[in-house]
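Working notes, structure below.
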Amino acid sequence: METKSNKRRYREWFSADELHEETRQWCSELKFARDEQKFLNNMVKDYTLDIIDSDMFKAIQPVVDALNKCEKDLVELFKKVQLHENQLQIMVDEVNQEKMEAAYLDTHNDLAKEISDYFVRYRDAKNKMFDIVSKVMKRRRQKRLLN
């Protein structure tokens, strides 16, 4: 029971403006991640032959799969955030709708957790991708130097 009361007190700290700003920040971060994923996809395409030649294909395949899953998850998450932003009217319409406002705040908290979890997975996959491609690029340079 005490957890719920703490949750309610925690909710009171957020004004509608703060909720809106946080939602806009999520949209911005998700758009940036979408652009980053396009870059990562192009990077993999550019280095595919080098990856295959360096016997790193088995190492990169799970990372590519994780990034593809992140890309699909991002689309769904972005839709949820946009819908959530559109529903902010519930908080500012000056009509006392406690249940709907509580549901909105619960959704906001759930989205915050979901976005945080998403970015943990995404950053992990992105870092692994950069490590593998960096190794491939180093091998490519070494081959050029030897020739």
Side-chain angles (χ1 to χ4, degrees), residues 1-140:
M1 284 309 268
E2 194 171 321
T3 305
K4 287 184 180 179
S5 64
N6 284 342
K7 203 175 195 182
R8 290 200 189 280
R9 273 188 263 140
Y10 177 70
R11 286 184 190 157
E12 292 174 9
W13 285 91
F14 293 115
S15 69
D17 288 337
E18 291 170 325
L19 292 169
H20 178 65
E21 185 58 36
E22 188 171 27
T23 304
R24 289 187 62 187
Q25 180 67 32
W26 293 340
C27 284
S28 176
E29 290 172 0
L30 291 170
K31 286 177 184 177
F32 184 80
R34 183 183 60 203
D35 292 341
E36 239 181 357
Q37 287 176 345
K38 289 177 186 175
F39 169 77
L40 291 171
N41 289 338
N42 287 333
M43 190 172 60
V44 170
K45 289 176 187 173
D46 291 344
Y47 289 97
T48 299
L49 293 176
D50 295 317
I51 291 169
I52 292 170
D53 287 345
S54 67
D55 297 328
M56 303 272 305
F57 187 74
K58 288 182 182 177
I60 204 166
Q61 192 59 43
V63 178
V64 169
D65 292 342
L67 282 172
N68 287 337
K69 181 170 178 6
C70 284
E71 197 169 356
K72 289 176 185 169
D73 291 347
L74 182 135
V75 171
E76 292 302 315
L77 194 53
F78 191 73
K79 287 178 185 177
K80 286 181 183 180
V81 170
Q82 284 182 318
L83 178 63
H84 182 69
E85 185 175 26
N86 293 340
Q87 292 173 342
L88 182 63
Q89 181 66 28
I90 291 169
M91 301 300 288
V92 295
D93 62 4
E94 296 184 16
V95 175
N96 192 6
Q97 303 173 13
E98 268 189 47
K99 287 184 181 181
M100 291 183 76
E101 290 174 5
Y104 182 86
L105 293 172
D106 287 340
T107 302
H108 191 84
N109 290 335
D110 293 345
L111 271 175
K113 175 73 172 129
E114 195 174 343
I115 287 170
S116 176
D117 292 346
Y118 168 80
F119 277 108
V120 166
R121 288 189 328 268
Y122 173 65
R123 286 184 190 114
D124 180 55
K126 182 175 71 170
N127 287 336
K128 287 177 183 176
M129 176 64 72
F130 280 131
D131 289 342
I132 292 170
V133 172
S134 294
K135 289 176 186 176
V136 169
M137 290 172 75
K138 285 177 186 177
R139 287 182 185 177
R140 185 186 216 182

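Nothing fancy with the numbering, it's 1 onward along the sequence. This one's a predicted model, so the numbers in the text were calculated from it and none came from an experiment.
- Remark: E85 CD to H108 NE2 distance equals 11.0 Å, nearest 0.5 Å.
- With a 4.5 Å cut-off on side-chain heavy atoms, T23 and L88 do not count as touching.
- Heavy-atom minimum distance, A59 versus I132: O-CD1, 3.7 Å.
- How far CZ of R139 is from CG of D50: 10.5 Å, rounded to the nearest 0.5 Å.
- The side-chain hydrogen bond (donor to acceptor under 3.5 Å, both in side chains) check on R121 picks up D73, with sequence neighbours excluded.
- Of all heavy-atom pairs spanning A33 and Y118, the tightest one is CB-OH, 4.4 Å.
- V133 is not listed as a side-chain neighbour of D46, based on a closest heavy-atom distance of 4.5 Å or more.
- Put simply, the side chain of M129 reaches to within 4.5 Å of the side chain of V44, judged on heavy atoms.
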(request) List the steps, then state whether salt bridge (Lys or Arg N to Asp or Glu O under 4.0 Å) holds for K135 with D131. (result) CA-CA 6 Å; K135 289 176 186 176; D131 289 342; over 6 Å; no
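- Counting heavy atoms from C-beta on, the side chains of V81 and I115 come closer than 4.5 Å.
- For the pair N41/V64, no side-chain contact is recorded, criterion being any heavy-atom separation below 4.5 Å from C-beta on.
- The aromatic rings of F130 and F39 lie tilted to each other, with the angle between the two planes from 30° to 60°.
- Taken to the nearest 0.5 Å, the NZ atom of K79 stands 11.0 Å off from the CG atom of L74.
- A side-chain donor-acceptor contact under 3.5 Å links Y104 to the backbone of H84.
- Between Q87 and L83, the closest side-chain pair of non-hydrogen atoms falls below 4.5 Å.
- Side chain to side chain, E29 and Q25 meet the donor-acceptor criterion of an N or O pair below 3.5 Å.
- Using a 4.5 Å cut-off on side-chain heavy atoms (C-beta onward), K80 and W26 make no contact.
- Expressed to the nearest 0.5 Å, how far CZ of R34 lies from CG of L77 amounts to 12.5 Å.
- Annotation: side chain of L30 is in contact with side chain of F119 (closest heavy-atom distance under 4.5 Å).
- Here the CG-CG distance, from D35 to L40, works out to 11.0 Å after rounding to the nearest 0.5 Å.
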(request) Could you check D124 against K128 for salt bridge (Lys or Arg N to Asp or Glu O under 4.0 Å), going step by step and ending with a plain yes or no? (result) CA-CA 6 Å; D124 180 55; K128 287 177 183 176; 3.3 Å; yes
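- Taking CD of Q37 as the reference point, atom NZ of K72 lies at 12.0 Å (rounded to 0.5 Å).
- Of the possible donor and acceptor atoms, none in the side chain of S28 sits under 3.5 Å from a partner among the backbone N and O of R24.
- In this structure, K69 does not pair ionically with D65, as no charged nitrogen and carboxylate oxygen lie closer than 4.0 Å.
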